[in-house]
Amino acid sequence: MRKVLQQLGKYKRDTFLCIGLTALEVIMEILMPFVTAMIIDNGLEAGNLSVVYRYGTVIVVMAFLSLTFGAFAGKNAASAASGLSANLREAIYANIQTFSFSNIDKFSVPGLVTRMTTDITNVQNAYMMIIRVAVRAPLNLIFSFAMCLIISPRLSAMFLIAVVFLVIVIGSIMAVTLKIFRQVFRRYDDLNASVQENVTAIRVVKAFVREEYEDVKFSKASKMLYDLSVKAEGLLAFNNPAMMVAVYFCIISVSWFGAQFIVGGSMTTGDLTSLFSYIMALLMSLMMLSMVVVMISMSMASIRRISEVLNEKADLTDPANPVMTVADGSIDFNHVNFSYKKGSGKNSLSDIDLHIKSGETIGVIGGTGSGKSSLVNLICRLYDVDEGSVCVGGVDVRKYDTEVLRNQVSVVLQKNTLFSGTILDNLRWGNPDATEECIEACKAACADEFIDRMPEGYHTRIERGGSNVSGGQKQRLCIARALLKKPKVLILDDSTSAVDTATDASIRAAFAKEIPGTTKIIIAQRVSSVESADRILVLDDGRIDAFDTHENLLKSNEIYQEIYNSQLEGSGDFDQPA
């Protein structure tokens, strides 16, 4: 709770203003029945109209003040709650930006989306109710009970019985529903995951006619959420009956004993009238509190989930005095062991001892799951090694400022991503100030040929996720974007798989001409993409099987020979004869 409230920032002022104005509103409302009793006793029963007019005017003024205080309190409550939710979203988003891949894997993307939408909305609604209703209701209850004690201490005991009864009932309900609501929000994550996966892969779903299967899967997730919600709301439904029992008990008790006191002369009619007003105010306060309890029950699970993200510390942190320059593109793996789950005993990479000179072109090849992507993820420090060290420019990557390192190690990942905006906007991710360099980078990546054919050229709009360009075009734009950074190390993680062999060869030729001093690591599935590299690394089950030139590997390495022969027998690539 403390972590969430720390995000209030400048909206603390609105919060305290709301609380103060609500207190003034309650005071006005509490005094009105007291003045009404004076009108009845001193005005109506005494037949004195001047008293009625005088105190009637006071009530009108008090009602107007109560209305004014209430309106401004509501405005400040809305401002504070909306400000808190805005600050929470910004704080969560800012913290997520610092996360490593392992941090994001811990929460999952749908889980983070739910926290930033549903959970924060729950907290916003609860906070507005707390600073408005949860301040108003207790004050109303306390002041009403105090006035009841002043009017009739003996009848006030009836209220205590009702309050104890309600506290027991509401407390029991809250204890159970809190556990259920924790499960409800976990189910929201499952539901979001189902929707996100389905919408992202809608083309695949339709291509395989799996709409019905996806409908059933979604319905199952929705039904589980429905069942839990009904269970929680069913328990919360006992709030109102419990409240009505307390209300009727108080009304009947006060009516019975109050009538006897009036007959006995120990209470006036005005006192009994104002006592009924205070009874209703007191019980309405209890009803409001029960609503607050419901809202808090729902929001506590959300607060807990939001706090988890806010308290999460990035696995990868910069040292106290980081190295701010990368000397060159040399890369050294010194007996590296790495696993995605530390302590699991299942290494993705084992005893990797590898040394690459600056400016070399290195090919990486191996079967699926051999550790190719894991290897290059360590170079730009997307993950940290378990044992050993990875050095770039002769310095351990853990000693660099992360931004400095990643600005000098450009990665075109296996899964290419473009953002909504123009082609130029996407290219400038590599260099925000680039102008003519964009054209040069696109020529090197062979992207200029299709950009020039587009009606608006570099100002053509890219839809979200790059859905309006082909896979090969997307890959070439991502390569151009990486080249604009002018990195010391360029990593292509199977990033030319969707382009034809001729274009692939042109891109590699452009690399040799345009960025000769840059270390280039090319991960590929086809031998033709790596055979011209200075050396080729063959990985097998997370270990180095061989590291040599194309010619030497053909003579001595069985895995490389097998890959080469299988592609040769299969007539090579689709656009290249055997």
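We're numbering straight along the sequence, starting at 1.
In this structure, Phe419 and Trp429 have parallel ring planes: the angle between them is below the 30° cut-off, well short of the 60° mark. Taking the six-membered ring where the residue is Trp, Tyr340 and Phe338 present perpendicular rings, their angle passing 60° and hence far from 30°.
By the 4.5 Å heavy-atom criterion applied to side chains, Thr460 and Ile451 are not counted as neighbours. With contacts defined as side-chain heavy-atom distances shorter than 4.5 Å, the pair Val411/Val376 does not qualify. Using a 4.5 Å heavy-atom threshold, the side chains of Pro322 and Val404 count as separate. In this structure, the side chains of Tyr564 and Asn557 stay at 4.5 Å or more apart for every pair of heavy atoms. Between Ser350 and Arg543, the closest side-chain pair of non-hydrogen atoms falls below 4.5 Å. Between Ser420 and Arg461 there is a side-chain heavy-atom pair separated by less than 4.5 Å.
In this structure a side-chain-to-backbone donor-acceptor pair under 3.5 Å is missing from Ser370 to Asp540. For the pair Asp534 (side chain) and Thr361 (backbone), a donor-acceptor distance under 3.5 Å is present. When atom types are taken as modelled, the side chain of Asn347 and the backbone of Gly542 share no donor-acceptor pair closer than 3.5 angstrom.
The pair Glu308-Arg305 does not meet the salt-bridge criterion, since no charged nitrogen lies less than 4.0 angstrom from a carboxylate oxygen. A salt bridge between Lys223 and Asp227 is present, with a side-chain N of the basic residue lying under 4.0 Å from a carboxylate O of the acidic one.
The local environment of NZ in Lys217 is crowded, with over 12 non-hydrogen atoms from other residues, nucleotides or ligands closer than 6.0 Å.
Here the SG-CD1 distance, from Cys391 to Ile379, works out to 11.5 Å after rounding to the nearest 0.5 Å. We find the NZ-OG1 distance between Lys485 and Thr518 to be 12.0 Å, quoted to the nearest 0.5 Å. In this structure, the separation between CG on Leu88 and CG on Leu8 is 8.5 Å, given to the nearest 0.5 Å. Distance check, rounded to the nearest 0.5 Å: CG of Leu477 to CG of Asn426 gives 7.5 Å.
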Does the pair Arg476 and Thr503 meet the rule for a side chain to side chain contact (heavy atoms under 4.5 Å, CB included), with working shown? CA-CA 10 Å; Arg476 282 180 274 176; Thr503 304; 4.0 Å; yes
Please determine whether side chain to side chain contact (heavy atoms under 4.5 Å, CB included) holds for the pair Gln561 and Ser556, giving the CA-CA distance in whole Å, both sets of side-chain angles, and the decisive distance to 0.1 Å. CA-CA 8 Å; Gln561 289 169 358; Ser556 60; 5.7 Å; no
Step-by-step side chain to side chain contact (heavy atoms under 4.5 Å, CB included) determination, Ile365 to Lys372: CA-CA 7 Å; Ile365 203 163; Lys372 302 186 295 295; 5.6 Å; no
Applying side chain to side chain contact (heavy atoms under 4.5 Å, CB included), run through Val395 and Val326 and close with a yes or a no. CA-CA 8 Å; Val395 177; Val326 180; over 6 Å; no
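Between Pro487 and Leu483, the shortest heavy-atom contact is CD-O, 4.0 Å.
No side-chain donor-acceptor contact under 3.5 Å links Gln7 and Asn87. A donor atom on one side chain and an acceptor atom on the other are not found under 3.5 Å apart for Tyr383 and Ser374. Checked by atom type, the side-chain pair Thr15/Tyr127 shows a donor-acceptor distance below 3.5 Å.
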